[in-house]
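Please read the structure below before turning to the comments.
In this chain, residues are counted from 1 in sequence order.
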Amino acid sequence: MPENMVDMTQRLRRRRNKSQTNMTAILLPNILCLICVLLLPTSANAFTSYRKCHNTCGIQLKLDSYAIKMRKNMISIRSPTLLHAQMADGLNADDDLSSKQSASSTSTAAAPFVGLPSYKRITFFVATTFLIWVSEPLLSLVDSAAVGRYAGKSISSTSISTGGTPNLSSVIQLASLGPATMLCDSSIYLTLFIAMATTNKLARAFAKHDLKEQIKTLSHALGVSLVVGIILLLFVNFQGERLLAAILGPAGATISVEASRGVMKLVDLTPEVLRASLGYARIRSAVSPLAVMGLTSQAALLCAQDTKTPALAVLVASVVNIVGDYIFVAKMRWGVRGAALATSMASFMANGMLVGKVWRMMGSWKAAYREKTRETEGGGHLIRHEEQSSSQTNILEDGRVDPFDPSGMPFISFPDQESLVSLLLLAGPMFFVMLGKIMGYSAMTVRAGNFGMVSLACHNVLMRIFFFFATVGDALSQSAQTFLPGLFYRKGLQEREKESDIITTSKTAISGDSDDDKNARTLLKRLLLLSSIAGIINCIAGRYIANTSGRTFTTDSSLVSLMSHVSPFMGLALMLHPLTMALEGSIIAAGDAGYLVGTYAASLVVLLGQLKFVCKDFLGVWHGILIFQLIRITQFGVRVWKRTASSK
C-alpha cells in the first residue's frame, strides 16, 4: 500500500513537471513573438509579424479558439512604420478618428483618406483642385487675350471694304475663337462623364480597400477614354465645319461698318470667321485622345488625393501655353491657328505627365496586390477567409473562385460585358448630365450670335471669365465626389448592421463609431459654407475684371462697354455657381444619377423657353444663365438635404 502510494506520488510529480515544461515551451515562444511584434516595424499588420516570428521559432500555431481570439486582439496593433506614415500624411487633429484607424490598417499601397475631413483638409483640397481645374479655361482665356490684342494683322484688311475701321480683324478673330473654343472645350467637357464614373467607382473601392477593383476600374476607364478621344478626333475633322456653322448662326458673322460718305454698310464675314474657327478646332482636336485620357487620369489622382502631380501639370501647361501664344500669335502673327497650336502643345505636355503618373500609381497597386496575395496564400485557410475580403482573395460572394488576376492586367484595357455594364450604369447618366450642360451653354452662345458679331465676341470673353471662376465650383464638386462616397458607404453599412442587429468585426474596421450616421450631413454643411464664401469672392472678382480689364482682351471700345453693361448678371451667376456644383457633386457621390438627369432635363426646358420666348437682347442671355443656376440650386438642395439626413 505505501509502495503504491509512493508510485502514484512519483507519477503525479512527473506529470506535473511535464505539464510545466510543456506550458513553458508554449508560453515562452509566444511571449518572445509578442515582443518581436512590438519591435518589428516592417509589417503593416501585427498578426502577420506574429505569424512570421512564430514560424521562425519553429512552433506550429494551432488555430484554436485561443489563437483566433489572440489574432482579433492583436489585429488592432499598429506598427511604428504605419504611425510614421500617418503623421507624414498630414492628418488633422479634428479629422474623424475612425477614419485614421481605417487609413492605418491598409496594406503597402497607401490608401487615401476615408472619413469626415476637417475644414483645413477640405480647403487645401479645394484650393489645389481649383489650380488643377483652372487649366483649361485659363488656357482659353490666354488665347482670347492674345488673339484679341495681337491678331490684328492676321487677316488682310484689303479683303473687305472697312472704310478705315482699324479693329475689324481683331473682332473677326475673337468672333471665330468663340465657336471654336466652345466646340473644343465642350467636346472635351462632354467626356467628363468617364472621369466622374471613375471617381465614383474608385472612391467606393478605396473605402473598401479593394485593390482589385481599383486596378480594374482605372484600366477599363483609360481604355474607354482612348476610344472616345479617337472618336472626337474624327468627329471634329469630318463634321466640325457643319457644327461650327450651326453654332455661328445666320447672323453671327455680320457687322455694320462705315462705308463711303458716312453710310453704314452691313458686311457678312461668315466665310472668314468659319475658316478661322475650323482651323483652330482641327488643331486642338489632334490631341483629343490624350486629353480625354488625361481627364480620367486627373480624376483618378484627385480621388487618390494626389493633388501635387495635377498641380505641377497645370503649371507646365500654363507656361507652355503662354510662351506658345507669345511666339505663334504675338510674334509670328498666326492668329487663332497659332493660339490653337500653343494650347495643343500645352495640353500634350500636361496630360502626358498625368498619364505617366497614373501608370506608376497602378504599378504600385499591382505590387501591393501581389504582396497581399502572397501573404494570403501563406497564411492558411483561416487567414484567407477572416483577415482578407473576398475581393482580395479572388473568392466571389457566391463562393466561386474568380480566375481574374489584376496584377497582370495591362495599363489600358477594354472592359468585358459585365464591367462595361457596371461602368455604363454610372457613366451613362453622367453623359446626359454633361450633354444637358453643353446644350444649355451652347444655346446661350447661339442666342448671343443672333444679336450680331459684337455681341458674340463679347459673349465669348464673358464666358471665358465665367468658366475661369467656375472652376472653384468644379473643385467643390470634386471634393464632394472624393470624400462623400466613403461616408455614404460606411453609413449604409451601419444601417444594414442595425437592421440585422448583428455586431461584426467589420463594423470596428470600417464603421468606426456611432457618428458615421451624421458625418455625411456634417460634411455637406462644411462644403456649403465654403461654397458661400467662394461664391462671394467669385462675384466680386468677376465683376471687377469685366468692368476694369476689358482692354486686356480687346481694343474695341464697343466690346469693352458691352462687357461692363452685362457684368452684374455675370457676377450673380458666379455667386450661385459654387453652391450649385457642391450640391451636384453630393448627388453624384450618392449615386443618385437618375434624379440628376431628370433635373437637368427640366432645367434645360425652362432655359430654352426663356431664350426662345423671353430673351429680346444680349442682356437677356445672361438673365437665362442666372435662371439656370437658380433652378438647379433649388432642386439639388432639397434632394441632397434629404439624402444626408440621419437615420436615427
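Under the 30°/60° scheme for interplanar angles, the aromatic rings of Phe466 and Tyr441 are found to be tilted.
Judged purely by atom type and a 3.5 angstrom limit, Ser219 uses its side chain to pair as donor or acceptor with the backbone of Pro410. Thr343 contributes no side-chain N or O that, together with a main-chain N or O of Ala340, makes up a donor-acceptor pair within less than 3.5 Å. Judged by distance alone, the side chain of Lys437 and the main-chain N or O of Tyr600 form no donor-acceptor pair under 3.5 Å. Checking side-chain atoms of Ser532 against main-chain N and O of Leu528 turns up a donor-acceptor pair under 3.5 Å. For the pair Arg284 (side chain) and Ala180 (backbone), a donor-acceptor distance under 3.5 Å is absent. A distance-only check finds a donor-acceptor pair linking the side chain of Thr471 to the backbone of Phe468 [under 3.5 Å]. Looking only at distances, no side-chain donor or acceptor of Thr217 sits under 3.5 Å from a matching main-chain atom of Gln214.
In summary, the aromatic rings of Phe469 and His577 are positioned with their centroids too far apart to meet the 6.0 Å limit.
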task: Carefully, step by step, assess Ser285 and Asn237 under the rule side-chain contact (heavy atoms from CB on, under 4.5 Å).
output: CA-CA 8 Å; Ser285 66; Asn237 277 273; 3.3 Å; yes

message: Using side-chain contact (heavy atoms from CB on, under 4.5 Å), reason through Cys184 and Tyr280 one step at a time and then give a plain yes or no.
response: CA-CA 9 Å; Cys184 296; Tyr280 181 95; 4.3 Å; yes

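A cation-pi arrangement, defined by a distance under 6.0 Å to the six-membered ring centre and an angle within 45 degrees of its axis, is present between Arg632 and Phe628. A cation-pi contact, defined as under 6.0 Å to the ring centre and within 45° of the axis, is absent between Arg337 and Phe328.
Remark: Phe431 pairs with Phe193 by the ring pair (Phe, Tyr, Trp, His ring centres under 6.0 Å) rule, at least two apart or across chains.
Neither side chain, Thr181 nor Asp185, offers a donor N or O lying under 3.5 Å from an acceptor on the other.
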